[in-house]
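Since the structure comes first, as structure tokens, the remarks are kept for the end.
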Amino acid sequence: MLDLVIRGGEVVTPQGVGKWDVAVQGERIVSVGLPDERVEAGRIIDATGKVVVPGGIEPHTHLAHFVSMHPEENLHTLGPEEDTRGMVFGGTTTHVDFCFVRPGLDIAAAIESRAARWKGNSYADYSFHVALQGQLPIKLFDQMPDAIAAGFPSFKVFTVDVLPPHPKRHPYRLDFGRIKLAMEQVAKHGGIMAVHAEDHDLVQFMYEKFREEKQTDGWLLPDVHSKLSELLAFHRTIQLAAHTGAGVYFVHTSAREGVEAVAAARARGLPIYAETLHHYACFNAEDYRTPRGFCYHTYPSLKFPDDQAALWDGIVRDGISTMATDEFPTTLELKLRGQDLENVTGGNLGAEARVGITWSEGVVKRGMSLPRFAEVTSTNAARILGLYPKKGVLAPGSDADIVLIDPAIAKTLRREDFHVSDYSPWEGWTVRGWPVTTILRGKVMVENGRLLGATSDGKLVARKISPEVLRRPSC
Ligand SMILES: [Zn+2]
């Protein structure tokens with residue numbers, strides 16, 4: 001007898017969309033096929049009227065992370081035990097966070113300490129990008145193949161120091177020599193680069209200039225973290241990737257210039273992928289001037305309506321592969337504490353809303369197809385980061401990570417709709433359709449507004465990227 005059958009819903013698979021039964025045994029899906037009333041199961045979930053999609057994959061979170069915008073205070077973002085509760089309420093079953101490797105640390109030790117922090121403390125499954133920062137010893141890059149073999153094949157680098165220098169702030173930037181070395185390693189050993197690409201010189205020059213002019217207003221952020229900066233850094237990174245043969249995943253693409261640079265590279269057959277954030281797609285620089293405007297901020301910065309149009313075009317049609325959050329959960333007070341150019345708190349609180357907002361804004365408002373919705377919220381992140389086909393697809397053999405969306409829901413989001421902090425940037429936003437049931441490896445985590453899972457349910461997932469993803473743009 002089967003453990004669980006989800007019946008009567010509109011099921012979204014790579015082969016198409018249909019009214020199929022999704023059958024689950026233990027932690028896996030065993031079949032997706034025509035309904036059969038004779039089948040017996042421990043539990044049958046009636047999904048009539050719902051849309052059944054693969055569990056969301058959030059490719060970009062910073063949980064239990066040092067808040068470098070206020071370096072004197074030794075503050076951290078909320079941890080996995082708090083943030084992943086929101087994820088499962090919002091239809092996300094897996095997330096990828098970061099382990100930061102700075103001079104003096106080994107890659108394996110950095111992974112081990114992050115994995116220990118997460119163990120038993122996450123409602124959702126998880127993995128980590130390895131983030132390489134600062135003047136790392138050249139020898140350290142020899143450790144990259146071991147990390148890839150151990151199931152951590154994505155390496156985050158910054159081409160920029162995102163904030164002005166401060167004695168208590170770690171430098172973020174990796175110089176282009178070291179980025180080239182990292183690219184050579186991933187190209188050879190089956191890894192991928194995750195790049196925060198901005199032009200270091202332009203960004204730091206603008207901080208200096210505004211400081212000298214005594215202009216400090218936070219809403220000048222788009223002049224510091226500018227469209228031109230994204231243009232230059234995306235092109236420079238792509239040239240280096242083409243030269244070394246590395247695949248690149250551009251995190252938080254924010255401007256039309258970034259979208260176009262990625263499109264041009266993909267047209268040449270290069271394995272280049274873009275992520276954007278629902279915050280970048282839904283808000284723009286004008287929003288900084290509203291009372292809670294810095295709620296919507298993350299670095300680089302919000303851009304302009306024309307950029308939002310390019311991002312939506314890339315998400316709905318092609319060219320942007322993933323919708324992410326750049327999750328950085330704090331209290332409202334901490335999020336709004338910095339109001340000037342040099343200390344606005346970056347990062348978003350939106351992992352819980354990501355799947356629902358993409359549904360409402362993408363599928364309902366912009367006519368995004370259901371398979372495309374599954375791709376940008378789940379399947380593509382799984383492919384690019386090496387979770388596929390264990391994650392990211394409703395297919396026999398895959399983990400039974402399943403989400404039911406109720407398209408009939410129409411509501412204005414309120415604070416009570418969220419489960420992480422004392423605020424959500426999405427309060428007051430009107431939506432149609434929202435996730436209602438979340439299943440992680442066969443276990444119902446959230447149903448009818450009730451949390452049924454525990455922080456002991458989330459597990460570390462080993463990743464391995466398909467060679468096809470690294471050979472050409474394949475999603
Ligand atoms: Zn980030």
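Counting starts at 1 for both ligands and their atoms, following the listed order.
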Under 2.8 Å: N/O/S of His62 next to the Zn ion (ligand 1): yes
Ring centroid separation Phe158 to His196 under 6.0 Å: yes
N, O or S from His60 under 2.8 Å to the Zn ion (ligand 1): yes
Non-hydrogen side-chain atoms of Asp326 and Val251 separated by less than 4.5 Å: no
Aromatic plane relationship, Phe250 with Phe234 - under 30° parallel, 30 to 60° tilted, over 60° perpendicular: parallel
Within 45° cone and under 6.0 Å: Arg383 NZ/CZ vs Tyr388 ring: yes
N, O or S atom within Asp326 nearest to the Zn ion (ligand 1), by name: OD1
